[in-house]
Every structure is written in structure tokens, then in C-alpha cells.
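These notes concern the structure reproduced below.
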Amino acid sequence: MWDTRYANCNGSLASENTEIAVNIGGVKQVLYADVLNCYPDTRLAELAKHSSDGASDLSELCDDYDARKGEFYFDRDPNIFKCITELYYYGEVHMKKGICPMCFKKEMEFWGVDVDYLDECCRRRLNEVEGELAEIAEKVSAIVNGDENPSASMGKRCQLFLWKLMEKPESSVLARANAILSFLFILLSTVVMCVDTLPELHVYDEGGHEDPTLEYIEIVCIVWFTVEYVLRLASAPNKVRFAFSFMNMVDFLAIMPFYLVLILTHQGTAVTELASVQQAVHALHVMHLARIFKLARHSIGLQMLMHALKSSLKELAMLTVHMGMGIFLFSAVGYAVEQSHPDTLFTSIPQSFWWAIITMTTVGYGDIYPKTTLGRCNTAVSFLCGLITIMLPVHLIMTKFVFLYSKQRLLDIATKHELELLALRSKEKHMARRQKARKPIGPAASVWGGASRVPPSDTYIQLLQDGGRGPPIQICNHN
Amino acid sequence: MYKMDKPSSGMSKVGTRSTASLPPDPVDIIRRMSCCRRVRLNVGGLPHEVLWRTLDRLPRTRLGKLRDCKTHEALMDICDDYNLEDNEYFFDRHPGAFTSILNFYRTGKLHMMEEMCALSFSQELDYWGVDEIYLESCCQARYHQKKEQMNEELRREADTLKDREGEEFDNTCCSEKRKKLWDLLEKPGSSVAAKILAIISILFIVLSTIALSLNTLPELQEIDEFGQSTDNPQLAHVEAVCIAWFTMEYLLRFLSAPNKWKFFKGPLNVIDLLAILPYYVTIFLTESNKSVLQFQNVRRVVQIFRIMRILRILKLARHSTGLQSLGFTLRRSYNELGLLILFLAMGIMIFSSLVFFAEKDEDDTKFKSIPASFWWATITMTTVGYGDIYPKTLLGKIVGGLCCIAGVLVIALPIPIIVNNFSEFYKEQKRQEKAIKRREALERAKRNGSIISMNIRDAFSRGAELLDVVVMEKGEKPQDNHLSPSRWKWSSKRDPSDTSSNRSFNPEQGSPSKARASSPQRLNAQKLEEMYNQMTKTQSQPNLNTKDRSSSRAGGRRDEIELGTLPGQRNDALGGRETVVDMKSLSSIDSYISCATDFQENPRFPYSPAGGLSFPEGSRFSHSLGMGFSARVSANPSLQTTMEHGSMLTPPCSAAKPLDTEGPHQQGVNLVKTRSLRVNYRGCGESSPASGLLSDSSAPSDRSLLSPEVSIYTTASSRTPPKTPEGVALTPTVFTFHDASISRYIDADTDDEEHLRDSCPSDHLLGGLGAKPHLNSGYQGGTNHLEAAQRLLGQNCLFPLGSTPSGSHENHLVLDASGRCKGERSRPKTFDEGL
């Protein structure tokens with residue numbers, strides 16, 4: 001079978017059939033050089049080439065060579081190697097179940113097998129894990145980035161302190177207190193906004209003046225929000241990115257209407273007539289709503305919801321399209337059917353849109369309802385269809401949300417441990433360096449110092465010193 | 001070939017002359033290690049080959065230390081077996097996890113096999129000395145989540161177990177009856193009567209709820225003198241009966257509860273109380289305020305309490321696992337519930353303000369303010385839609401439509417998380433029920449003694465902290481190794497070479513094994529070996545005995561006793577084993593005691609009432625108590641009761657009990673007492689076999705290879721005949737001597753507990769030791785070189801024979817005794833008593 005494969009890829013059956021004995025971590029295997037040569041970039045193919053050439057630099061390729069048996073020894077995992085040899089026989093690599101994809105990837109790199117040879121089904125798993133790792137790295141870098149930089153100037157340190165105080169409630173007690181206070185202010189301002197609309201509270205005294213308490217509270221809240229926003233802006237390392245991030249837009253929208261109203265009432269009366277100013281003020285009142293969204297800063301669940309909605313725009317579009325179709329269809333049918341009734345509530349198709357929405361979402365206010373038998377049948381069908389059209393995309397969004405939510409918790413754990421790991425490694429590095437300085441060639445000077453006395457070979461990976469995993473460690477090195 | 005198997009590892013040091021078990025020279029080890037760049041690791045049968053320098057990358061781990069091992073002991077400390085010839089090292093661990101760990105050495109990345117159990121993986125990491133913090137991020141999250149989950153499950157299981165164990169009924173009045181009542185009321189699964197009771201209880205709850213709702217029907221109500229409607233008299237009777245039942249139930253439960261405060265706090269019992277209290281409060285209020293009942297506020301209070309009666313529907317939760325799971329789920333997923341409420345609140349807030357701004361300019365609008373439109377938003381978002389308020393403007397309708405869809409979305413999102421929690425919890429509850437059943441079955445099996453070895457293995461796999469405890473307790477063990485039956489067995493095997501056998505008795509020989517105490521794994525293995533040896537010994541013994549006894553005249557009678565002794569010994573071994581298991585697994589004195597009593601009650605040992613063997617059994621029992629919990633012996637009253645319990649079951653053991661409990665602290669006075677006691681029971685228990693023993697003494701030379709019991713009797717008899725030629729008269733002497741030796745031994749030991757334990761192999765073992773050197777000395781014409789062994793033996797057996805002194809012996813004895821002042825002090829007393 002191999003011969004036929006070999007014939008396919010090389011075409012010269014008659015070439016020498018050298019056997020190469022390899023010992024992978026204790027598991028011995030005999031491979032044929034011509035089979036290996038199908039993929040000349042791989043380590044084994046190079047080995048085959050060099051061994052036939054009789055070149056001397058074999059030690060670069062393998063860890064040990066037993067001249068007696070002619071056996072090449074590799075200090076690698078035999079299980080993964082078995083998967084990788086599949087490449088030479090079948091042209092594609094599959095991950096064995098249970099092996100961590102990252103581990104597998106590293107092993108593939110060692111054997112010089114390109115990741116592209118990994119089959120699609122297994123590549124997906126790899127991508128998933130890589131994405132996860134990237135997220136963790138991002139989180140870690142977000143946390144580690146803020147770490148003290150002793151060389152910074154006084155102003156920079158002040159800025160950093162403020163930034164931490166404002167943006168990272170978990171960093172200190174003060175920051176936490178600040179977050180709680182901010183949260184309370186948001187709640188208070190929201191309550192004030194609601195209560196303000198109660199007609200009973202708008203009592204005018206004899207002078208025609210309102211009770212100013214609510215207004216004072218409102219002003220205090222706005223001042224707090226403003227101070228907060230300005231401080232954040234001042235301490236932000238990147239002003240432009242800060243100004244355009246979603247949460248800060250919300251913050252800005254929450255305070256902006258107040259000042260606009262202030263300006264309008266003071267200046268606007270002079271420029272335009274009173275009625276239009278009043279209208280504008282009323283319109284701006286709606287924008288007070290933005291302060292509710294400020295809550296999202298304090299709730300991971302809400303952020304998750306936003307993430308889920310953002311990442312499931314497709315599903316939301318599907319929902320809208322389905323709903324729209326249903327609404328059009330059923331309102332038209334309902335309108336047509338109900339025309340036979342003399343005092344029908346379905347006066348027009350746009351009028352019956354409302355009915356369709358209320359029916360399809362199973363709310364059913366009862367302000368519009370069908371009166372003919374056919375109309376009622378139509379209602380039953382539209383209710384069923386509505387249920388299905390809503391529930392299908394909702395389920396998709398829901399799963400996404402649950403996935404995100406559980407992943408969030410997973411990532412939190414991972415980030416925590418990653419940070420611990422970072423601290424441990426940097427400490428060990430530090431220790432190793434110090435001990436090395438004290439006695440240059442100390443046998444087993446430290447945990448990782450022991451690695452320094454082995455001559456670096458191919459398998460020698462700078463063990464845990466530059467980790468190999470990208471972002472977090474790099475950050476570690478920066479510091 | 002230097003390959004050696006585990007059992008001989010301890011002995012190989014001992015028999016230094018036998019080349020077969022000679023430990024390899026350190027130089028040899030180093031040479032072998034350095035000759036090859038690679039090393040072979042065999043983990044659980046799976047061979048691996050790895051470069052030495054790969055292992056050197058983590059020098060502080062187990063594998064990293066392997067290279068630095070220079071001696072046999074150090075090697076055995078790290079691996080379970082090795083073969084220098086092939087440069088192969090064997091580890092008796094799970095091979096699956098090891099591949100991941102070896103990859104850590106190779107690549108510097110610690111990954112975890114996906115299907116691996118997190119707990120077992122963490123144990124493997126502990127064993128190999130790799131910190132779990134090195135796990136790569138991709139596997140770490142999964143690992144920690146799984147581990148947390150497992151830990152939580154285990155903790156809960158432990159909690160329920162503790163709850164169940166907490167139901168220990170103390171020895172106040174009629175605990176038996178209370179326990180029965182408790183079972184009847186609290187555990188519907190325990191008996192048919194309890195089940196029936198539960199069903200009746202459910203019926204009463206349903207009945208009372210129906211009555212409560214019927215009461216509010218206007219047709220069934222009656223008008224009282226104040227023009228207010230009151231309860232229907234028939235329904236009031238039903239109500240009274242139901243309440244009476246509930247009250248009775250509650251009171252009975254309360255009375256039978258083992259822990260009153262905990263019972264009072266329990267959520268289900270709070271519900272019960274809330275179900276009955278309103279009734280009594282209502283009665284109290286109406287009776288005390290009859291004159292002022294027309295006042296509105298009193299009536300209102302009464303009304304509120306009447307409504308609170310509906311709480312009794314929650315009583316159903318007691319009878320439904322599903323309802324309880326629901327409660328637990330809600331408690332556990334408060335995070336998600338909070339999320340749901342937050343979503344809803346935000347949605348309501350946003351949409352009500354929006355609809356307010358959209359609708360407020362409409363004439364006669366119902367959206368008068370934002371708080372007023374909260375109601376509309378709630379009803380719309382939950383898609384209830386009463387239709388009392390609905391938007392009329394186009395803008396309002398758009399907002400309304402959005403509100404409907406957002407409501408569906410927002411409510412649907414956190415629900416699956418809660419549902420997931422519920423189903424998980426429900427599954428777990430079911431699993432736990434099964435686990436409890438399994439545990440009960442296991443306990444029953446353990447009691448029957450069929451799966452003891454499995455338990456030991458279980459205990460091995462427990463956490464490191466438990467192992468530490470064991471190590472501490474085991475640390476003392478090597479000191480008395482020279483007395484342990486396993487040693488004796490080994491020495492008897494090597495009997496031909498006298499010196500080696502003697503050396504095995506040397507207390508110093510315990511030290512190598514003590515040195516190895518640092519590795520719990522090894523210690524356990526050693527313990528296991530010992531037990532195994534003990535077991536094999538007890539099994540091999542009868543053959544010897546019966547064969548030998550077949551020629552004796554009083555054969556029938558003695559055979560019976562020998563048979564009796566055998567199970568006694570096995571019992572001994574069992575007792576020891578149980579001790580180990582329990583100390584490891586639970587390390588709780590309660591459970592230990594229960595176990596010990598179990599073993600006393602054990603029906604598998606029908607011979608235990610027989611005098612001769614109940615003594616070792618009893619002493620073992622009490623000794624093991626002393627060993628494990630010496631400090632607690634006096635402090636724990638329940639221990640005392642169990643001991644009494646044990647003695648009640650095995651009456652002859654009563655003699656052993658005072659000896660062991662009061663121990664060597666009050667030697668002088670106590671000794672006399674115990675001895676006299678012992679003599680009595682010995683006398684009555686074995687008077688006739690003793691004569692048989694005497695007759696056996698005709699062939700003393702054969703006895704050297706015999707079982708220990710035989711040898712002690714032979715020794716005793718061979719010496720005593722000149723003094724008391726008549727068999728019957730001899731009996732008390734023999735046993736007094738024998739007894740004295742034991743008590744002397746106990747006296748002689750200044751560090752009490754461990755040596756108290758040493759007395760446990762008691763009669764036969766010590767006797768066996770005693771017998772042999774004696775015979776040896778006979779062979780070699782008094783030139784005795786038994787040295788350290790004799791130190792013990794002399795105290796045990798030779799002292800009473802001081803009346804017929806043979807010079808060299810005497811010398812040895814005196815020397816030894818002077819080394820042990822206590823022994824000296826008490827010697828004259830026992831001596832006199834014995835004779």
C-alpha cells in the first residue's frame with residue numbers, strides 16, 4: 001500500500017527503499033525513506049535525506065543516535081507521533097481524541113508538519129482553543145498592562161492611579177467604593193427621572209414655583225457624572241479610543257442633554273421662540289434614558305447580553321425578517337377576512353399591523369380582535385406562526401448567550417490562574433537570575449536554572465522562560 | 001541482576017550475606033545511570049524512553065530527583081522498582097496521566113488529556129511533584145472548573161454524610177425509641193409504616209388546603225354577630241383536626257430530633273412551624289380580644305394570619321424531591337435570577353419611559369407618568385397583555401411592538417441557565433441517593449469483612465493530608481517492627497542461618513524502614529505487606545499445628561482450641577486492618593469505634609467467646625484504640641462505653657480491658673489486679689488444654705519450627721515440670737507466667753502507647769519469639785549471642801524462669817533489665833506473683 005502511495009507522489013518505484021528506524025520516546029518504528037520523502041519539508045524527510053547522505057549534522061535533527069542499531073531517538077510523545085505519521089500514509093493529519101489541540105499544534109511544528117495538513121474537522125477545534133487563548137491573553141494583558149512602571153513620571157503615575165480608580169473596581173478598596181457610589185448615583189438619577197414625571201409631584205406654590213428638591217438631586221447627579229466623565233477622559237491613556245468606546249458614548253449622552261437644556265433655556269429664548277425651545281427640551285428629556293445604560297458598566301450580565309446581541313446580529317435580522325413577513329401576511333389576511341363584518345376593528349392594513357404584532361408575540365391586549373369565524377381561525381394560525389418565528393431565533397440567541405456566559409466564567413478562572421502563573425514564573429526567573437549571579441555554574445541551582453547546564457538541542461525549548469505562548473508572556477517580558 | 005521485588009526490599013538490607021538480595025552499590029548505580037543518555041520509565045506497564053537531560057529540566061520533581069539518587073534507598077524512595085541492567089525504572093501509577101506529565105518535561109507545556117478525571121489528574125500531579133499551576137491556559141480552565149465541581153460534590157456528599165452521622169443519639173433517655181420515632185417521621189423510605197405515615201401527612205395537607213379555599217366561598221360562609229363573615233363550622237372542624245395532626249407531627253419530630261437547635265433551624269421545619277402557628281395566633285387573638293373584635297385593626301391582623309395559613313402548602317416540599325431541588329436551585333442560581341430581574345427591570349424602565357414620552361401628549365392617555373407605565377411595560381414584556389393600558393399613537397405602538405419582542409428575548413435568556421442548574425442539581429440529587437445506598441452496602445460488606453483490601457486501596461488514593469496523618473501514625477511503627485509478625489515470619493524462613501534470623505529481631509533493623517517513612521506511598525506498601533504477611537502466617541499456621549497435634553494424645557480438645565486461635569488471629573489482623581482503614585478514611589473516633597465494635601460483634605468469628613483467643617482480640621482492640629487516639633482515651637466518654645460494649649460481647653476480654661485502658665501508668669497496683677483477673681479466666685478457659693500442652697512438651701525440639709503458641713507452651717512446660725509435676729497443678733503457673741510476661745513487658749516500656757500496642761501480638765507472637773532463642777541456646781550450650789533480641793525476649797519469657805537460672809541467661813537478662821529501669825522495678829513483684 002505504501003508503495004502505491006509512494007508511486008503516486010514520486011513516480012519512481014525503483015529508488016532505494018531505505019529503512020529508517022526511529023525511537024519516539026520509547027516506541028520504536030521503522031519508516032521508509034521514500035515514503036517520508038513525499039513531504040520533503042518535514043523533519044523526518046530531512047532525517048531520511050541526511051542519513052542517506054551520511055551527513056554529520058544529524059544531532060540537530062534528532063536527540064540521540066544509536067549507531068549500533070542505526071536508530072534515531074526522539075524525545076517526544078509517541079502518541080502524537082503516531083497521529084502525525086498518518087500524514088505520510090494518508091496525506092492528512094487527524095488529532096487523536098483527548099489530546100489538547102495546542103499541544104498537538106506544537107508537536108506538529110516540531111515535526112515540521114504544516115498546520116494546514118490538519119484535517120478540517122480537527123482544525124476547528126484548534127481554532128476554538130486558539131481563540132479562547134487569545135481572549136485570555138487579551139484579558140491578562142489588560143490587567144497586566146496597568147501594572148506599575150517605576151520609570152514613569154509623577155504625572156503619569158497620577159494618571160495611572162486615576163485610571164485604575166475609575167476603570168478597575170477590583171484593583172483597590174477605594175476603586176470599589178467609587179464604583180458602588182457611582183452605581184448608587186445612577187440608580188438615584190433614574191429614580192428621580194421616573195418620579196419627576198408623576199403629575200402629583202408637580203405642585204406649584206403660590207409664586208408659581210415648583211418644589212426644587214428633585215431638581216437639586218438631578219443637578220448633583222449630573223455633576224457627579226460630569227466629574228466622573230472628565231476624570232476618566234483625563235486619565236485615559238488613549239483619548240480618541242476612549243471617546244468613541246460604547247460605554248463612554250453612553251456616559252456622554254447621559255450628561256449632554258442637561259447642559260444642552262441649560263444652554264437652550266438661557267440662550268435659546270433670545271434666538272428662537274419659546275415653543276420650539278420647549279419642544280427641544282422635551283425631546284432631550286428622552287435622552288435622559290441613556291443613564292439607564294450606564295448600569296451596564298457595572299453588570300457583567302448586561303455586557304454579556306450586549307455581546308450576545310452583537311454577535312448574533314444575523315439571528316436578530318432573521319427574527320426581524322420573519323416577524324415582518326408574518327406581520328404583513330397575517331395583517332393582510334386579517335384585514336381581508338374581517339371586511340365582511342360591519343363594525344370591524346380592522347380599519348386598514350397598517351392598523352392591523354398592530355394587531356398582528358400583539359397577537360404574534362402572544363401579548364393580546366384585546367383592543368383589536370377579530371369578530372368573524374375566519375378571522376379567528378386566522379388569529380389562531382398567526383399566533384402559532386408567531387410563536388415559532390420568534391422562538392427559533394430566540395433560541396439561537398439564547399444558546400449564544402448561555403455559551404458566552406459560561407465561557408465568561410471559564411475565562412475568568414483561566415485569567416486568574418494565568419496571572420498566578422505569570423507571577424510565579426517571573427519570580428522564578430528572578431530567583432534563577434539572582435542565583436546564577438551568585439554562583440555561575442551551580443548544579444540544580446534553581447528549578448529552571450537546571451536547564452542551563454544542558455546543551456541546547458532541538459527539543460530544548462526555553463523552558464518556561466519565554467514560555468512560547470505569545471501575548472501574556474511577552475507582556476511579562478516587557479515588564 | 002539487581003531487580004528486586006517489593007516484599008524483599010526491606011529484608012534485603014537485613015540479609016546482607018545473601019547475594020541475591022544485595023542492594024546495588026552506589027558506585028554501581030551511578031555508573032549505570034551515567035552510562036546511558038536515556039532512561040526507560042515504565043509507568044503502570046507502559047514503557048517510555050526519555051533522555052536524562054529532559055528529566056533534569058525539572059530537578060525538583062520526582063523524575064528530576066531520580067538522577068540524583070545514589071543509593072538503593074533513595075531510588076526505592078522515588079520509584080517502586082528498578083532494573084539497573086536495563087536502566088529501567090518502574091512506577092506503579094496511572095499511565096494515561098503520565099504521558100501528559102512526561103510531555104511537560106519534553107515541551108515545557110503541561111496539557112491534560114480531555115477525558116481524564118480532574119481529581120485523579122491532580123493526584124497524579126501531586127505524586128510526580130508537578131504543580132498544577134503549570135497547566136496551560138487552554139486546559140487550565142477546564143481542569144479547574146471540573147475540579148471545583150468535583151470538590152463541591154464531594155463536599156456536599158460529606159455534608160450529607162455528616163448529617164447522617166450527626167444523627168447519633170446520645171445516651172439520654174430512651175434513645176432507641178427516639179431513633180425509631182425519628183426514622184419513622186423523617187425517613188419515609190425506612191419502613192412501610194413510615195411510608196404510610198408520609199402518605200397520611202400528605203393527605204392532611206391537601207385536605208386542609210382544600211378546606212382553606214372552600215372557606216372563602218361566599219355560599220359556605222356564615223355571618224357572625226358583627227355582620228362579618230366567619231368560617232363555616234364544619235370546615236372549622238376539619239381545620240382543627242388538620243392543625244392537631246400537624247402540631248402532633250411537629251412536636252413528635254421535635255422530641256425525637258437528635259439536635260434540637262439544628263432541627264429548629266431547618267428550613268422545612270420552619271415551614272412546618274409557620275403552617276401551624278397562624279392558627280394558634282388567630283385563636284389567641286380572637287379569644288383575648290373578643291370584646292374588641294369589632295375594631296378594624298384587630299380584624300385585619302386576624303385576617304393576615306388567616307392568609308398565612310396558606311403557607312402549609314409548602315409542607316408538601318418535604319415529600320417531594322423535585323420541590324426541594326427547585327428550592328435549592330433557586331438558592332444556588334441567585335446570580336442568574338438576579339440577572340433575569342436586572343434585565344426585566346432595565347427593559348421595563350426603558351420601555352415605560354419611551355412609551356411615556358410617546359404617549360403623554362395623547363388625550364385621556366393612561367400613561368400619566370413613568371411609574372404608571374411600569375405596569376404596562378411589565379404586562380407587555382411578560383406577554384401577559386391584559387389590555388387595560390395600551391398605546392394608541394403610532395410611536396407608542398412601535399415602542400409596544402419592540403417591547404414585546406424584547407420581553408420575549410430578555411426573559412428567555414437567563415432561563416436556560418437556571419434550568420440547567422435545576423437539571424444538574426436534580427441529577428446530582430438522584431446520584432447522591434444512589435451513592436448513599438452504595439455506601440451503605442459497602443459498609444455492610446466491610447462489616448462482613450469481604451472487601452477490606454479494597455478499602456485499603458481506597459484509602460491509599462485519598463488526599464495527601466490524610467496520608468500525612470497516616471505517616472505520623474506509621475512513623476512509630478518501625479520501632480516495634482521487630483515484634484511484628486511479618487518479621488518473625490521472615491526470620492523463621494531464614495532459620496538455617498542463625499545470625500540473619502537474630503538480626504531480624506534487632507530493633508535497629510527497624511530503622512531502614514523508618515528512614516523510608518518520608519514516602520507515604522512506600523509506607524503504605526509496607527503496611528500492606530505486613531498485613532499480608534500476617535494473613536499468610538495465620539493461614540499457614542494451622543497446617544503446622546494440626547499436623548503436629550495429630551500425634552498428641554489430647555488431640556481433639558486441643559485442635560479445637562487451635563482452630564479457635566486461628567480465627568482469633570485472623571481477627572487480629574482484621575482488627576489492625578480496620579484500624580488503618582478507618583484512620584485513613586475518616587480519622588474520626590466515632591466511626592472508628594463503631595467499626596471496632598462491629599468487628600467485635602462480627603458473626604464471622606464465632607470463636608471469639610472462647611477464652612484463649614478473646615484475649616488477644618480484646619487487647620488488639622483496645623491497643624489500637626490506644627495507638628490511634630491515645631490522647632483521647634480518657635477524654636472521650638463514648639469510647640468507654642464502646643469498650644464496655646465490647647467486653648459485654650466477649651466476656652473473657654474483661655481482663656484485658658482494664659489492663660489496656662489504665663495502661664502502664666499505674667503499674668504496680670494495677671498489675672496485681674489484672675493478673676489475678678487474667679489468671680482466673682485463663683484458668684477456667686484453658687485448664688484442660690493446658691494439660692495437653694504439657695504432654696506435648698515431650699518433643700520440644702520439634703517445636704522450634706512450630707507456631708508461636710505451641711512454642712510458648714512448650715517453653716513454659718519444658719521448664720516447669722521439675723517444680724510442678726502434675727498437669728492440673730501446673731495450669732495456673734503456666735498462665736500466670738505467661739501473663740506476667742505480658743504485663744512485665746508493658747511495665748518495662750516507658751513510652752507507653754506504642755508498646756502497649758506491642759503487647760497485642762501478645763501470647764503467641766511474643767511466646768514464639770521467646771521460645772526460639774531458648775531452644776537456640778539449648779543447642780549452642782549457653783553461649784548465647786542473641787543480644788538485642790534477647791532484651792525483649794528475656795523480659796517476656798525468661799524472667800519467670802529465674803527460679804531455674806542458667807548462668808549465661810541470667811547475665812543477659814540482668815544487663816537488659818538494668819537498661820530498662822522500669823522493668824527492673826516491677827520485676828520482683830511480677831516475679832513473686834507469678835510463682
Side-chain angles (χ1 to χ4, degrees), chain A residues 23 25-26 63-64 73 75-77 79 98-100 102-103 106 129 132-133 136 190 194 197-199 285-286 289 292 295 299 301-302 305 354 357-358 361-367 390 394 397-398 401-402 405 410-411 413-414 417-418 420-421 424 444 447 450-451 454 459 461 463-464 468, chain B residues 37-38 40 47-51 53-54 56-60 64 99 102-103 106-109 111-115 133-134 136-142 144-145 339 342-343 346 349-350 353-354 356-357 368-371 380 383-387 390 397 401 404-405 408-409 412-413 416-417:
Chain A
N23 180 348
D63 292 310
D64 200 3
Y73 173 76
D75 200 3
R76 306 302 290 190
D77 189 353
N79 288 331
I99 294 174
C100 178
M102 290 312 289
C103 183
K106 290 276 171 232
V129 175
E132 231 170 74
L133 277 181
I136 294 172
T190 323
C194 296
T197 59
L198 281 175
H285 252 299
V286 185
L289 264 180
I292 297 173
L295 279 179
S299 158
L302 273 175
L305 178 67
W354 171 243
I357 293 172
I358 292 305
T361 54
T362 73
V363 171
Y365 288 127
D367 50 345
I390 289 176
V394 160
I397 298 169
M398 195 173 74
F401 174 75
V402 172
Y405 188 79
L410 213 77
L411 286 185
I413 299 173
H417 286 277
E418 185 73 14
E420 275 173 29
L421 188 62
L424 188 84
V447 181
V454 253
T459 35
I461 289 172
L463 193 71
L464 303 181
Chain B
R37 292 184 70 196
R38 283 176 251 164
R40 258 178 229 167
H48 299 271
E49 206 169 340
V50 68
L51 289 172
R53 65 159 189 252
T54 309
D56 283 342
R57 286 175 193 167
L58 295 152
R60 280 190 203 164
T99 39
L102 196 60
N103 267 349
R106 285 169 175 156
T107 63
K109 308 263 187 306
H111 290 273
M112 175 188 163
M113 293 297 262
E114 262 164 32
E115 61 263 29
I133 204 166
Y134 293 115
E136 289 298 302
S137 308
C138 47
C139 304
Q140 201 170 45
R142 216 178 322 114
H144 280 282
Q145 205 179 28
L339 205 64
L342 183 72
F343 283 178
M346 275 194 70
M349 197 71 112
I350 291 165
S353 351
L354 281 178
F356 168 73
F357 288 119
K368 288 201 178 67
S369 65
I370 292 179
T380 307
T383 72
V384 171
Y386 287 127
Y390 50 87
K397 280 181 178 174
C404 300
I405 294 168
V408 172
L409 246 173
L413 289 184
I417 302 175

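To find a chain, count down the sequence lines: A is the first, B the second, and so on, and within it residues start at 1.
The minimum heavy-atom distance linking Arg106(B) with Arg57(B) is given by the pair O-NH1, 3.0 Å. The heavy-atom pair separating Met398(A) from Leu413(B) by the smallest distance is CA-CD2, 3.4 Å.
If you tally non-hydrogen atom pairs under 4.5 Å between each of Leu409(B), Val384(B), Thr383(B) and chain A, the highest count goes to Thr383(B). The most heavy-atom pairs under 4.5 Å with chain B, out of Leu302(A), Ile357(A), Val129(A), come from Leu302(A). Note: Ile350(B) leads Ile350(B), Leu342(B), Leu102(B), Thr99(B) in heavy-atom pairs under 4.5 Å with chain A. Of all the listed residues (Met349(B), His48(B), Lys368(B)), the one sharing the greatest number of non-hydrogen pairs under 4.5 Å with chain A is Met349(B).
In this structure, chain B has a heavy atom under 4.5 Å from the side chain of Leu289(A), while its backbone stays farther away. Only the side chain of Asn79(A) comes within contact range of chain B, with at least one heavy atom under 4.5 Å from a heavy atom of that chain. Proximity to chain B (any heavy atom under 4.5 Å) is shown, for Ile397(A), by both the backbone and the side chain. Looking at Tyr386(B), only its backbone comes within 4.5 Å of chain A, counting heavy atoms on both sides. Neither the backbone nor the side chain of Leu411(A) comes within contact range of chain B; no heavy atom of the residue lies under 4.5 Å from a heavy atom of that chain. In this structure, the portions of Ile292(A) lying under 4.5 Å from any heavy atom of chain B include both its backbone and its side chain.
Between Ile99(A) and His111(B) there is no side-chain heavy-atom pair separated by less than 4.5 Å. Contact annotation: the side chain of Pro199(A) approaches that of Ser369(B) to within less than 4.5 Å [non-hydrogen atoms, C-beta and beyond].
The ring pair (Phe, Tyr, Trp, His ring centres under 6.0 Å) check on Tyr390(B) picks up nothing, with sequence neighbours excluded. The side chain to side chain contact (heavy atoms under 4.5 Å, CB included) test applied to Ile405(B) returns Leu319(A), Met323(A), Thr361(A), not counting sequence neighbours.
At least one donor-acceptor pair under 3.5 Å links the side chain of Tyr73(A) to the backbone N or O of Glu49(B).
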